[in-house]
Asker: 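Shown below is the structure under consideration.
In what follows, residues are counted from 1 in the order of the sequence shown. Computed from a predicted model, the values in this text were never measured in an experiment.
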Amino acid sequence: MTTSPSTTGRGFAYAPAPESRAAVDIAPSYGLFIDGRFAEAADGATFKTVNPATEEVLAEVAIGGEADVDRAVKAARKAFKAWSALPGAERAKYLFRIARLVQEHARELAVLETLDNGKPIRESRDVDIPLVAAHFFHYAGWADKLAYAGFGANPKPHGVAGQVIPWNFPLLMLAWKIAPALATGNTVVLKPAETTPLTALRFAEICVEAGLPPGVVNIVTGAGPTGRAVVAHPDVDKVAFTGSTEVGKEIIRTVAGTGKKLTLELGGKAANIVYDDAALDSAVEGIVNGIFFNQGQVCCAGSRLLVQESVADEVFAMLTRRLRTLRLGDPLDKNTDVGAINSAAQLDRIKVLAASGDDEGAQRWTAPCELPSKGFWFPPTVFTGVTQAHRIAREEIFGPVLSVLTFRTPAEAVEKANNTPYGLSAGVWTEKGAKALWTAQRLRAGVVWTNTFNRFDPASPFGGFKESGFGREGGRHGLEAYLNV
């Protein structure tokens with residue numbers, strides 16, 4: 001967002017503060033990582049990954065087909081016997097090494113993630129990469145304590161885990177999947193998202209640097225057909241998927257009757273509830289973080305603001321005033337608050353759903369800004385006059401679009417919050433602890449934040465209800481998905 005002294009309200013404008021691209025060395029092309037080394041796809045097929053902020057081609061990446069997935073699964077199966085037989089303390093050493101290497105390469109990984117994904121560098125630098133290291137540290141600590149995790153005296157791994165991850169938090173979702181799988185003795189075949197494969201491929205190099213035995217982690221890049229091949233492979237014992245509810249339903253149909261273990265972390269339409277006794281300055285910051293963090297491309301984004309009627313006008317005025325200060329632009333600039341949308345396809349979806357808000361009578365407010373001429377951009381947008389019948393209140397937009405609804409009583413707030421097929425997360429803003437607990441106990445959501453939003457910790461479980469999926473990732477609960485219990 002182009003700012004000036006008159007629009008920031010702070011009396012000054014921000015000079016550019018770009019992070020250097022010299023921190024990364026992107027190869028012209030990348031193969032598949034199978035059995036400890038990189039190799040071309042069997043049929044030589046490739047795709048291009050681009051910088052969503054500039055539409056610049058970053059690299060050419062191999063497309064894994066069924067034959068490639070089969071090779072990866074066979075490598076994982078071969079490695080499983082020795083890996084699962086290692087004492088937990090020995091497996092932990094590898095996870096500790098990986099965690100330390102992630103920290104050592106933190107700047108490089110943050111820049112690479114921002115280039116490939118479009119998120120602001122301050123988010124990839126301050127949130128994503130530190131949490132990646134933290135998850136490997138956390139599960140390294142669990143590797144020799146599985147007998148005390150509450151899942152039996154001698155829990156066993158499943159075998160080969162097939163994992164498919166999304167593009168919104170590429171390396172963090174990899175860590176959520178791979179760290180507990182390795183700690184519990186499983187081996188992995190992971191398919192990163194088509195639009196964001198580069199940090200997963202860099203992670204493969206980190207695995208080599210850490211001395212991880214060949215075949216324990218395999219990275220097979222590609223699009224939807226590659227992911228379907230991983231999920232459907234008959235020698236995959238455990239499937240873990242994070243992504244859309246539609247694809248999650250397809251995966252359920254694929255694995256039904258196969259005996260494969262399955263966990264799904266799917267879409268969301270989280271309610272962020274603001275009571276009239278909330279600290280409104282803090283609540284507004286939480287609203288902004290809840291929906292505009294990572295351009296709203298977050299499954300647990302607080303995309304529905306439920307604000308008590310008596311303070312609705314005041315909250316809206318404060319919110320729009322705050323949004324005028326956000327800076328949209330170059331994701332590598334350390335001052336940028338709102339980066340690029342991940343792909344042209346996702347931008348089109350956001351535009352269609354936002355247009356439905358106009359068509360159905362909601363009132364659109366858009367933060368004043370100048371969009372760059374190249375890349376995929378959508379300005380922070382707020383809709384008021386929204387009802388529960390609006391598409392923008394029912395469907396996951398996965399973009400920087402906030403729908404505002406009002407309520408009069410706590411019971412009405414809970415009823416409206418739960419009136420969704422999703423159940424991943426929610427937020428509650430109030431100065432009264434009893435009211436916060438009363439509300440949280442009645443919300444059908446896997447994660448409920450109080451007087452904060454989008455806070456994550458590797459020791460805390462994460463997951464949803466209803467069409468937001470099942471199973472938990474993170475903490476002690478995250479071990480269960482990778483153990484025969």
Side-chain angles (χ1 to χ4, degrees), residues 1-14 53 118-123 126-127 269-274 278-298 300-308 311-331 333-341 347 350-351 353-355 357-358 362-372 375-386 390 392-393 397-406 427 429 449 451-454:
M1 186 176 298
T2 303
T3 57
S4 67
S6 61
T7 59
T8 62
R10 299 172 181 171
F12 60 90
Y14 283 82
K119 66 175 62 190
I121 185 66
R122 66 181 185 84
E123 292 180 7
D126 298 343
V127 179
K269 194 69 180 174
N272 210 355
I273 301 170
V274 178
L280 295 185
D281 286 328
S282 296
V284 166
E285 290 303 308
I287 294 164
V288 171
N289 181 51
I291 184 56
F292 301 116
F293 174 67
N294 198 26
Q295 296 71 253
Q297 298 170 137
V298 185
C300 56
S303 54
R304 289 184 299 149
L305 173 61
L306 272 61
V307 59
Q308 198 148 16
V311 293
D313 290 343
E314 183 179 0
V315 168
F316 180 72
M318 295 172 68
L319 178 60
T320 53
R321 185 166 61 247
R322 176 68 177 90
L323 294 183
R324 291 177 189 275
T325 70
L326 294 182
R327 295 170 295 277
L328 180 150
D330 179 10
D333 192 316
K334 301 181 187 75
N335 292 322
T336 294
D337 298 302
V338 181
I341 303 302
L347 177 59
I350 295 168
K351 288 179 176 178
L353 284 169
D358 298 324
Q363 290 78 55
R364 182 196 295 225
W365 183 91
T366 300
C369 62
E370 180 181 344
L371 301 183
F376 315 125
W377 306 91
F378 196 90
T381 298
V382 180
F383 279 99
T384 55
V386 179
H390 282 87
I392 55 173
I397 299 175
F398 223 63
V401 180
L402 178 66
S403 297
V404 182
L405 301 91
T406 61
W429 298 83
W449 289 289
N451 293 332
T452 188
F453 208 94
N454 276 338

Asker: Which pair of non-hydrogen atoms, one from Pro379 and one from Ala367, has the smallest distance, and what is that distance?
Answerer: CB-O, 4.2 Å
Asker: Distance from Phe376 atom CZ to Ile350 atom CD1, nearest 0.5 Å?
Answerer: 11.5 Å
Asker: With a 4.5 Å cut-off on side-chain heavy atoms, are Lys119 and Gln297 touching?
Answerer: no
Asker: Tell me if the CG atom of Asp358 is crowded by more than 12 foreign heavy atoms within 6.0 Å.
Answerer: yes
Asker: Look at the side chain of Gln295 and the backbone N and O of Gly339, then say whether any donor-acceptor pair between them is shorter than 3.5 Å.
Answerer: yes
Asker: With a 4.5 Å limit on heavy-atom distance, are the side chains of Thr406 and Gln308 in contact?
Answerer: no
Asker: Which heavy-atom pair separates Ile291 from Gly302 by the least distance, and what is that distance?
Answerer: CB-O, 3.7 Å
Asker: Return the minimal non-hydrogen interatomic distance between Ala270 and Ala301, and the atom names on each side.
Answerer: CB-O, 3.2 Å
Asker: Any chance you could measure Phe292, atom CZ, to Leu402, atom CG, to the nearest 0.5 Å?
Answerer: 5.5 Å
Asker: Go through the steps for Val315 and Ile287 under the test side-chain contact (heavy atoms from CB on, under 4.5 Å), then give the verdict.
Answerer: CA-CA 10 Å; Val315 168; Ile287 294 164; 4.1 Å; yes
Asker: Where the side chain of Glu123 meets the backbone of Asn294, is there a donor-acceptor pair that is under 3.5 Å apart?
Answerer: yes
Asker: Heavy-atom distance under 4.5 Å between the side chains of Ile397 and Lys269, does that happen here?
Answerer: yes
Asker: Measure the shortest side-chain to side-chain distance between Arg321 and Thr325 over non-hydrogen atoms and say whether it is less than 4.5 angstrom.
Answerer: no
Asker: If you measure from CD1 on Ile121 to NZ on Lys334, what distance do you get to the nearest 0.5 Å?
Answerer: 8.0 Å
Asker: Could you walk me through whether Val298 and Phe293 satisfy the side-chain contact (heavy atoms from CB on, under 4.5 Å) test, starting with their C-alpha distance in whole Å, then the side-chain angles of each, then the deciding distance to 0.1 Å, before giving a yes or no?
Answerer: CA-CA 8 Å; Val298 185; Phe293 174 67; 4.1 Å; yes
Asker: Would you say that Phe378 contacts Leu371 through its side chain, given a criterion of any heavy-atom pair below 4.5 Å between the two side chains?
Answerer: no
Asker: Kindly give the heavy-atom pair with the smallest separation between Pro331 and Ala340, and that separation in Å.
Answerer: CG-N, 4.1 Å
Asker: Please confirm whether the backbone N or O of Thr381 pairs with a side-chain atom of Thr366, one donor and one acceptor, at under 3.5 Å?
Answerer: no
Asker: Could you grab the distance from atom OG1 of Thr384 to atom CG of Leu319, nearest 0.5 Å is fine?
Answerer: 10.5 Å
Asker: State the OG-CD1 distance between Ser403 and Ile392, to the nearest 0.5 angstrom.
Answerer: 3.5 Å
Asker: Can you check whether Val338 reaches Arg327 side chain to side chain, under 4.5 Å on heavy atoms?
Answerer: no
Asker: Is there side-chain contact between Val274 and Leu306, with heavy atoms separated by less than 4.5 Å?
Answerer: no
Asker: Between Arg122 and Asp337 (salt bridge meaning N to carboxylate O under 4.0 Å), is one present in this structure?
Answerer: yes
Asker: Do Asn272 and Trp429 have side-chain heavy atoms sitting under 4.5 Å apart?
Answerer: yes
Asker: When rounded to the nearest 0.5 angstrom, what distance separates NE2 in His390 from CG in Leu353?
Answerer: 13.0 Å
Asker: Is there a donor-acceptor pair closer than 3.5 Å between any side-chain N or O of Asp333 and the backbone N or O of Asn335?
Answerer: yes
Asker: Keeping Thr452 on the side-chain end and Trp449 on the backbone end, is there a donor-acceptor pair under 3.5 Å?
Answerer: no
Asker: Indicate the atoms forming the closest heavy-atom contact of Arg324 with Pro368, along with that distance.
Answerer: NH1-CG, 3.7 Å
Asker: Any chance you could lay out the side-chain contact (heavy atoms from CB on, under 4.5 Å) test for Val404 and Phe383, step after step, and finish with the verdict?
Answerer: CA-CA 6 Å; Val404 182; Phe383 279 99; over 6 Å; no
Asker: Show your reasoning for whether side-chain contact (heavy atoms from CB on, under 4.5 Å) applies to Val382 and Phe316.
Answerer: CA-CA 9 Å; Val382 180; Phe316 180 72; 4.0 Å; yes
